[in-house]
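Just so you know, ligand 1 is whichever comes first in the structure, and atom 1 is the first atom listed for that ligand. FYI, the numbering just counts along the sequence from 1.
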Amino acid sequence: MFKLLNLLLLMCLYSYSGTTTILVSGIKGGNVTLSCGSEDREMVYIDLSRFKSILSCHNEECESENGRVFKEGSCDVVIKDLRFSDAGKYIMRVYYSNTQTELEPQTLEYQLCIHDEISVKKGEDLEMDVLWTSADKVVHWARRSTGQKEDWSRGHGVRRDRMTIRDNNLIINNFTATDAGTYEVLDSEGEILIMMTVTESRTGPVDELNYINDKTTTYFPPST
Ligand SMILES: *[C@@H]1O[C@H](CO)[C@@H](O)[C@H](O)[C@H]1NC(C)=O
């Protein structure tokens with residue numbers, strides 16, 4: 001216990017300066033690995049935090065605040081069954097023992113982006129549970145000619161018609177072909193948290209025909 005307290009103190013004294021952000025992305029429902037990239041060194045203590053600590057491991061013993069987060073190998077952390085609410089910034093602190101038996105800390109910062117694809121029928125409501133704590137803006141990329149449009153922002157709320165908010169959900173009522181495209185949820189620094197590709201589902205033969213006749217339903221993903 002005394003050792004652990006010392007480690008915690010060291011962590012407090014260690015500043016974040018000089019860290020670079022590692023961009024990682026995963027698919028909703030899938031797994032992602034936050035890799036520390038130092039497999040061959042002896043790791044003593046590891047702490048992963050997001051707003052607060054969510055996983056801490058002392059040698060092989062781990063305590064997790066979230067059953068979906070666990071350590072794999074020497075210091076890789078896996079988050080399984082990804083949800084939109086997992087998107088955002090993570091900070092990992094890893095302590096290695098060096099030859100003088102002193103601890104050598106390393107801080108890694110990750111930005112996790114979650115992708116998803118959804119197909120919606122014309123006239124249905126599209127619900128996207130994307131408005132989590134870090135969400136600052138939602139932009140919509142539709143046709144090339146119209147470019148990017150801001151649909152929602154924390155400061156201004158909903159910025160278009162047929163769109164409502166309920167809890168963490170952004171809802172588009174009475175879906176039409178013009179609502180298809182890519183929706184990006186950005187944090188206050190402009191980093192992408194969630195990228196959702198929405199297509200109009202075409203099932204019946206009548207819909208199929210309409211689609212072929214409608215030359216405007218060609219969508220382009222954002223160039224970035
Ligand atoms: C995610 O990880 C868990 C636990 O290791 C595994 O059982 C599951 O098959 C993985 N899922 C995918 C989609 O790879």
Nearest-contact summary for atom 4 (C) of ligand 1 - protein heavy atom, Å: F70 CZ, 3.9 Å
Nearest neighbour in protein (non-hydrogen) for atom 13 (C) of ligand 1: G30 CA, 4.3 Å
With the threshold set at 4.0 Å, does a side-chain nitrogen-carboxylate oxygen contact exist between [X] and [Y]?
X: R68; Y: D81; answer: no
X: E117; Y: K28; answer: no
X: R166; Y: E127; answer: yes

Intermediate values then yes/no, side chain to side chain contact (heavy atoms under 4.5 Å, CB included), T197 and D116: CA-CA 6 Å; T197 306; D116 194 23; over 6 Å; no
Side-chain heavy atoms of R93 within contact of S49, under 4.5 Å: yes
4.0 Å protein heavy-atom contact status of atom 2 (O) of ligand 1, strictly under: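 Given the 4.0 Å cut-off, atom 2 (O) of ligand 1 counts as touching protein heavy atoms.
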Exercise check, heavy-atom protein proximity under 4.0 Å to atom 11 (N) of ligand 1: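 Looking at atom 11 (N) of ligand 1, one finds that a protein heavy atom does lie closer than 4.0 Å.
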Which of the ligand 1 atoms, numbered from 1, are nearer than 4.0 Å to a heavy atom of N31: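 Listed by number with element, the hits are 1 (C), 2 (O), 3 (C), 8 (C), 10 (C), 11 (N), 12 (C), 14 (O).
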